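Data block below; observations after.
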Protein chains: 2
Amino acid sequence: MLKATAQGADIRNRILDAAFETVRTEGVARASARTIARNGSFNQALIFYHFGSVNDLLLAALDRSAGARMERYREVLSQASPAEFAPLARQLYLEDVEAGHSTVLAELFAAGSGNRALGAEMLKRLQPWLELAESLIRRFLAGTPFATLVDARAAAGAVLAMYVGIDLFNHLDGDRSRATDLFDSGERLASVFAPLFGVKS
Amino acid sequence: MLKATAQGADIRNRILDAAFETVRTEGVARASARTIARNGSFNQALIFYHFGSVNDLLLAALDRSAGARMERYREVLSQASPAEFAPLARQLYLEDVEAGHSTVLAELFAAGSGNRALGAEMLKRLQPWLELAESLIRRFLAGTPFATLVDARAAAGAVLAMYVGIDLFNHLDGDRSRATDLFDSGERLASVFAPLFGVKS
DNA sequence: GTCTATACTTGGATAGAC
DNA sequence: GTCTATCCAAGTATAGAC
């Protein structure tokens, strides 16, 4: 009874899985229709039939992953206090890494740099994250001396740029301590500055 | 009397110029041997004769630019006090943008993500900048309460990641206010925190 | 050192059979 | 919806004439 599902409509998910895995393990540069199809054991022409183009497939694979991550970020951070924030952010980031989401995201941003159409699509996908980061920063700074000093929008952009940049570097050398050491510093600073935010550490 | 120079050995510089300009204006993806040669009005085969491969040419073009920038960074920042730092960093960054150096750097990092050989070379080129940033951070934090809270090496990596990430975003949408707004915030914060560093603002 | 010509490879995409 | 076969474009790199 699973036959129709497993072999029929479900092929879209198999293609999405193969595309995501190919980008994660081999990079966008090697994520050609032929390579993705070989990794997923299906015919290359199916990609064009179901997704139109390789670019559209890669974006669809990212969207599926990003949608799940955004839901999780909102759920975890919506009621986080400033004191809880640093460890929660660390945990979310490690989940991104574990799921391969950060790798695929950085790969597609990098590839978007050399492909106008892809770059424009990636910029669109940056917006909701920019808004999330900005609203969090604004919420935490409200009522503190920093509220008038820090441009929340610029800071949000800086955080996302740092996220993508760190992923890019990690992808080049596989050094996992980069982010960890940074979160360590962040948590030490947070515990010292917590009084400023009216929260006991 | 300029004939031999202009048409002979100087061809290497013409090739380097064309490579740099092609990456700057069209991106790595379009910086093929054919395109670079067309932009510089010389024969495509010369690239392989003089530089061996397109990758080696692009790295050589970056190295020439990065060497000049590193010299300038060292010169300007070596004796900068904490209070002077933010405006000087802004100026240096704007020079990077103006010269096209930040664009070419971000492009090659992005491309390195999808090309093992190029990625390894880019990592090597990151090291001197990491050391410069780390030593500056260490110098400024020395004797302050932050010295024990902040991991200088991790912070240096974060700054470079942010630099590359911002360049990547800028290249996608051409929004020049991203960095400017961030420097504005940085200068406001610096003027408030200056007392901590024993310097009058 | 510089040119022309070309061998070779890879990849996007489609036509048409099943 | 899925397959085979194929077209076409773009790129790296080299051989060999000049």
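Keep in mind that what you see is a predicted model, and the values were worked out from it rather than measured. Chain letters run A, B, ... following the sequence lines, proteins first and then strands; every chain starts at 1. All values below come from the heavy atoms of this structure, side chains included, with hydrogens, waters and symmetry mates left out.
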* A:Arg139: what forms a side-chain hydrogen bond (donor to acceptor under 3.5 Å, both in side chains) with it, not counting sequence neighbours? ->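 With neighbours one apart ignored, the set is empty.
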
* To do: Please list, chain by chain and in numerical order, all residues satisfying side-chain hydrogen bond (donor to acceptor under 3.5 Å, both in side chains) with B:Asn39, sequence neighbours excluded.
  =>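 Checked B:Asn39 against side-chain hydrogen bond (donor to acceptor under 3.5 Å, both in side chains); matches are B:Thr22, B:Glu26.
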
* **salt bridge (charged side-chain N to carboxylate O under 4.0 Å, His left out) contacts touching residues 40-49 of chain B (sequence neighbours left out)** =>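 Not a single pair qualifies under salt bridge (charged side-chain N to carboxylate O under 4.0 Å, His left out).
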
* **Residue pairs passing the salt bridge (charged side-chain N to carboxylate O under 4.0 Å, His left out) test where at least one lies in residues 157-176 of chain A, sequence neighbours excluded** =>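 Listed once each, the pairs are A:Asp173-A:Arg178.
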
* Which nucleotide, C:dT2, D:dG1, D:dA13, lies nearest any side-chain atom of B:Val54? ->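 Per side-chain heavy atoms of B:Val54, the pick is D:dA13.
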
Nucleotide [N], atom [atom2] - distance to [atom1] of [X] in whole Å:
X: A:Leu58; N: C:dG12; atom1: CG; atom2: C1'; answer: 13 Å
X: A:Asn115; N: D:dA10; atom1: CG; atom2: P; answer: 15 Å
X: B:Tyr49; N: C:dG1; atom1: OH; atom2: P; answer: 4 Å
X: A:Asp56; N: C:dG12; atom1: CG; atom2: C1'; answer: 13 Å
X: B:Phe48; N: D:dA15; atom1: CZ; atom2: P; answer: 13 Å
X: A:Asp10; N: D:dT2; atom1: CG; atom2: C1'; answer: 15 Å
X: A:Leu57; N: C:dA13; atom1: CG; atom2: C1'; answer: 14 Å
X: B:Ile11; N: C:dC3; atom1: CD1; atom2: C1'; answer: 12 Å

* To do: Answer yes or no: does atom CZ of A:Arg116 have more than 12 heavy-atom neighbours from other residues, nucleotides or ligands under 6.0 Å?
  =>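 Counting neighbours around CZ of A:Arg116, 12 or fewer heavy atoms of other residues, nucleotides or ligands fall under 6.0 Å, so no.
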
Student check: side-chain heavy atoms of [X] and [Y] closer than 4.5 Å:
X: A:Glu71; Y: A:Glu75; value: no
X: B:Ile47; Y: B:Phe42; value: yes
X: B:Tyr73; Y: B:Asp96; value: yes

* Using the side chain to side chain donor-acceptor pair (under 3.5 Å) rule, collect all pairs that involve residues 126-137 of chain B, keeping only residues at least two apart or in two chains. =>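 Only B:Glu134-B:Arg138, B:Glu134-B:Arg153 qualify under side chain to side chain donor-acceptor pair (under 3.5 Å).
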
Atom pairs, protein N/O to nucleotides 16-18 of chain C N/O, distance under 3.5 Å:
none

* Name every residue in residues 20-32 of chain A that has at least one heavy atom under 4.0 Å from any atom of DNA chain D, in order of residue number, or write none if there are no such residues. =>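 None - not one residue of the stretch has a heavy atom sitting under 4.0 Å from the strand.
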
* B:Val23 vs B:Ile36, side chain to side chain contact (heavy atoms under 4.5 Å, CB included): CA-CA, chis, key distance, verdict -> CA-CA 9 Å; B:Val23 172; B:Ile36 293 170; 5.8 Å; no

* Just call it for A:Thr35: base, sugar-phosphate, or nothing, with non-hydrogen atoms closer than 4.0 Å on any strand. =>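 Counting heavy atoms under 4.0 Å across all strands, no contact is made by A:Thr35.
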
Every protein N/O within reach of nucleotides 7-9 of chain D N/O, cut-off under 3.5 Å:
none

Got a list of side-chain donor-acceptor pairs under 3.5 Å for residues 105-113 of chain B, not counting sequence neighbours?
| unit_1 | atom_1 | unit_2 | atom_2 | d |
| --- | --- | --- | --- | --- |
| B:Glu107 | OE1 | B:Val28 | N | 2.8 |
| B:Glu107 | OE2 | A:Ser113 | OG | 2.5 |
| B:Glu107 | OE2 | B:His171 | ND1 | 3.0 |
| B:Ser113 | OG | A:Glu107 | OE2 | 2.6 |
| B:Ser113 | OG | A:His171 | ND1 | 3.3 |

* Asked: Looking at residues at least two apart in the chain, or sitting in another chain, which of them share a side-chain contact (heavy atoms from CB on, under 4.5 Å) with A:Thr25?
  ->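 Applying side-chain contact (heavy atoms from CB on, under 4.5 Å) to A:Thr25 gives A:Glu21.
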
* **Evaluation steps, side chain to side chain donor-acceptor pair (under 3.5 Å), between B:Ser32 and B:Thr35** => CA-CA 5 Å; B:Ser32 66; B:Thr35 305; 3.0 Å; yes

* Asked: Where along residues 36-46 of chain B does a heavy atom come under 4.0 Å from DNA chain C, residue by residue in number order?
  ->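 When residues 36-46 of chain B is checked for heavy atoms under 4.0 Å from DNA chain C, the hits, listed by number, are B:Asn43, B:Ala45, B:Leu46.
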
* Selection residues 147-166 of chain A - residue pairs positive for ring-ring contact (aromatic ring centres under 6.0 Å, His included), sequence neighbours left out ->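 Qualifying pairs, neighbours excluded: A:Tyr93-A:Tyr163.
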
